[in-house]
J.: 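Take a look at this one; I'll ask things after.
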Amino acid sequence: MALYNIIHFLEEALNNIRRNTFVAAITVGTIGIAFLIFGIFLIIFSNLNDITSTWKEQIQVVSYLKDGLSNAEIISIEDKIKSEREINSVAFISKEKALSEFRKDLSSQTGLLEGLGENPLPAYFEIKLKKAYQDPKGILSLVDRLKKVKGIEEVQYGQEWVENLSSFLDFLMIAGMIVGGLISLAVILIVSNTVKLTVYARKEDIEIMKLIGATDWFVKTPFLIEGMAIGFLGSLMSVILLFGIYQIIVQNLPLNAGLLFGRFSIAFLSWPDMVLLLIAGVLLGLFGSFVSVGRFLKV
Amino acid sequence: MIQMFHVSKYYDKNFPALRDISLEINKGDFVFVMGPSGAGKSTLLKLIFCAERADEGQILIQGRNIARLSDSKIPYLRRNLGVVFQDYKLLQSRTIYENIAFSLKVCGVSNSEIKRRVYFVLKQVGLEHKSDSFPIRLSGGEQQRAAIARAIVNEPAILIADEPTGNLDYNMSVEIFEILKDINVRGTTVIVATHNREIVSKMQRRIISLDKGKIVSN
């Protein structure tokens, strides 16, 4: 009996789509376009997120050391720095290395350095922070503590850059949440209402089935399966379209465009994002059917 | 088979659609329900198959009180009743065969049994050659015969017909009443609401007359 019913429900759902191919196609198309807009937003947002996290990774704190420290003192300072919870990695740059890097940077104008008798550059530690502390608050509290370490003369961290980046990221997050929220709401309304319309078109059928003696579930289940199938096909269509659009854009993008953002490529949706999009399609189709069929079952 | 005790139904508090109806219909009866438009004929029938619920009184069908029947039990009651409507109520996107088969699918009848029984009733109403047609391709009389076939395919104890010939000409109406008579002869209780005085008087059956929601003669 249970198997008989499952086969019947699947058959009914499939036949319903077949009988109403035109309506089903329009519904799939509408859902596809709604999800396409959402997908475009998702791609833009997740790429911006990736770009900003590479920017964040570039944040580093430099601690300049006083001159004339012994090796033991330097090691002890390094140990102190390493013991801070924000630290991801620490690199020691000796006075000599600092000078040779400076020479490298100046390259053609190395002559400028020839007049120097003594190496004027201090030794320093390049400190990289853990992801969770790559913000002004995390940096400031670390800088405060580093300044108190004996042997450290000065701490630099590009204050202005960090603060600008941080307020930009805050803005991006809020804007993303508002835009994302509005688009999600629009998708939910469009998908569930479009599925509802396909059910409305068959409200007489539902009434007839009920009058013949069908139980609510017997009437409802094929509609639910149909709603899920249409939602799935719509979101699948959006993923395919998205990929097509993505390919066109990536292939026509000037090679150096990525450099602007410190990146070389735009990433497509991740696999989990794609799966989520498909699941959202299925669930919204199910929801739309469930709500609208329920309305006509009272016969 | 069907008993009603002091049944009333209100769509509007001041104008009851049915007022204090008490009646009894026995197994194997053929009963006409007559009266002018708005007399309450359709409401009376709807109460039997629970498309409407009584506001007052009790209704017993085969000894079962349906006044207190929960919504989830209504489908099981309807499977034992065949209902025919003036506007046929066929599923337009399905063939005649599929329309009739649906009644049996609802009850979980196997496909082979469905096939056997659908062809049997199609033959009974003279539509075996139209099984693959869609309702829209059929005449009004043929659609109503298909609707009757659907109503009787479950072999219900009671057949209810609400103005079954309301949209049909005289000859087609006679044909439909002949089929209903046949079904009654096979033992099914038949209740028909109709305006068609000419045919009713020819058929010489019990008549329940309603006016303004009350029984005026039985």
Side-chain angles (χ1 to χ4, degrees), chain A residues 1-27 197-227 229-230 289-290 292-299, chain B residues 42 45-46 48-53 70-85 87-95 97-114 134-136 143 146-147 149-156 158 160-162:
Chain A
M1 181 68 183
L3 182 71
Y4 172 88
N5 273 344
I6 291 167
I7 292 170
H8 165 78
F9 291 145
L10 289 174
E11 257 177 17
E12 279 282 301
L14 203 72
N15 285 336
N16 280 343
I17 294 174
R18 197 172 46 81
R19 286 183 194 117
N20 306 285
T21 325
F22 183 67
V23 177
I26 286 180
T27 315
L197 288 180
T198 68
V199 178
Y200 274 42
R202 279 175 283 157
K203 64 178 185 200
E204 270 179 32
D205 286 10
I206 296 173
E207 183 200 344
I208 294 169
M209 289 170 185
K210 282 296 306 271
L211 288 173
I212 289 170
T215 57
D216 285 0
W217 277 105
F218 198 85
V219 177
K220 214 182 225 182
T221 311
F223 278 97
L224 299 185
I225 297 172
E226 192 185 332
I230 282 179
S289 294
F290 189 86
S292 41
V293 180
R295 254 180 230 175
F296 302 120
L297 284 173
K298 274 251 162 230
V299 179
Chain B
S42 286
L45 299 191
K46 280 179 178 168
I48 299 172
F49 60 90
C50 287
E52 296 292 350
R53 308 301 286 265
S70 69
D71 285 354
S72 61
K73 295 269 166 35
I74 291 174
Y76 303 97
L77 168 84
R78 287 179 181 162
R79 290 176 197 178
N80 205 21
L81 303 171
V83 188
V84 177
F85 304 90
D87 57 356
Y88 328 128
K89 291 205 187 299
L90 294 168
L91 300 164
Q92 294 300 320
S93 58
R94 297 174 196 228
T95 63
Y97 178 93
E98 288 168 335
N99 263 284
I100 301 168
F102 194 84
S103 277
L104 295 168
K105 280 193 173 171
V106 159
C107 304
V109 177
S110 72
N111 280 333
S112 58
E113 180 66 8
I114 287 175
F134 286 91
I136 200 157
Q143 288 194 52
R150 178 182 63 189
I152 59 172
V153 73
N154 266 331
E155 294 165 4
I158 302 164
I160 299 160
D162 190 2

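Note on naming: letters A, B, ... go to the chains in the order of the sequence lines (proteins, then strands), and numbering restarts at 1 for each one. Note that these values count all heavy atoms, side chains included, but never hydrogens, waters or copies made by symmetry. The model shown is predicted, which means the values in this text are computed figures rather than measured ones.
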J.: Using a cut-off of 6.0 Å, state whether more than 12 heavy atoms not belonging to Phe134(B) lie near its atom CZ.
T.: yes
J.: Any salt bridge (charged side-chain N to carboxylate O under 4.0 Å, His left out) involving residues 216-226 of chain A? Give me the pairs, sequence neighbours left out, ordered by first then second residue.
T.: Arg202(A)-Glu226(A), Lys210(A)-Asp216(A)
J.: Of all of Ala151(B), Ser110(B), Ser93(B), which one pairs up most often with chain A through heavy atoms under 4.5 Å apart?
T.: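 If we count pairs closer than 4.5 Å to chain A, Ser93(B) comes out on top.
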J.: Let me know if Val109(B) has heavy atoms under 4.5 Å from chain A in its side chain, its backbone, both or neither.
T.: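 For Val109(B), the backbone is the part near chain A, not the side chain.
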J.: Go through it in stages, so that I can follow the logic: the residues are Lys89(B) and Leu211(A), the test is side-chain contact (heavy atoms from CB on, under 4.5 Å), and I'd like the CA-CA distance, side-chain angles, deciding distance and then a yes or no.
T.: CA-CA 9 Å; Lys89(B) 291 205 187 299; Leu211(A) 288 173; 3.8 Å; yes
J.: Do Arg19(A) and Gln92(B) have side chains that approach each other closer than 4.5 Å (heavy atoms only, starting at C-beta)?
T.: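 SC-SC contact between Arg19(A) and Gln92(B) ruled out.
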J.: For Gly213(A), is there any backbone N or O sitting under 3.5 Å from a side-chain donor or acceptor partner on Arg79(B)?
T.: yes
J.: Side chain, backbone, both or neither: which part of Glu12(A) has an atom under 4.5 Å from a heavy atom of chain B?
T.: side chain
J.: Between Asn80(B) and chain A, with a heavy-atom cut-off of 4.5 Å, which part of the residue counts as in contact: side chain, backbone, both or neither?
T.: neither
J.: Which answer fits Ser72(B), side chain, backbone, both or neither, if we ask what part of it has an atom under 4.5 Å from a heavy atom of chain A?
T.: neither
J.: Measure distances from Leu90(B) to the heavy atoms of chain A and classify the residue's part below 4.5 Å as side chain, backbone, both or neither.
T.: backbone
J.: Charged N to carboxylate O under 4.0 angstrom, Lys298(A) versus Asp71(B)?
T.: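 Yes, charged N to carboxylate O under 4.0 Å.
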J.: Under a 4.5 Å heavy-atom cut-off, does chain B meet the side chain of Asn15(A), its backbone, both or neither?
T.: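 Contact with chain B involves no heavy atom of Asn15(A) at all.
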J.: Arg94(B), Arg150(B), Lys46(B): which one forms the most heavy-atom pairs within less than 4.5 Å of chain A?
T.: Arg94(B)
J.: Any side-chain heavy atom of Arg78(B) sitting closer than 4.5 Å to one from Thr215(A)?
T.: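 Arg78(B) does not reach Thr215(A) side chain to side chain.
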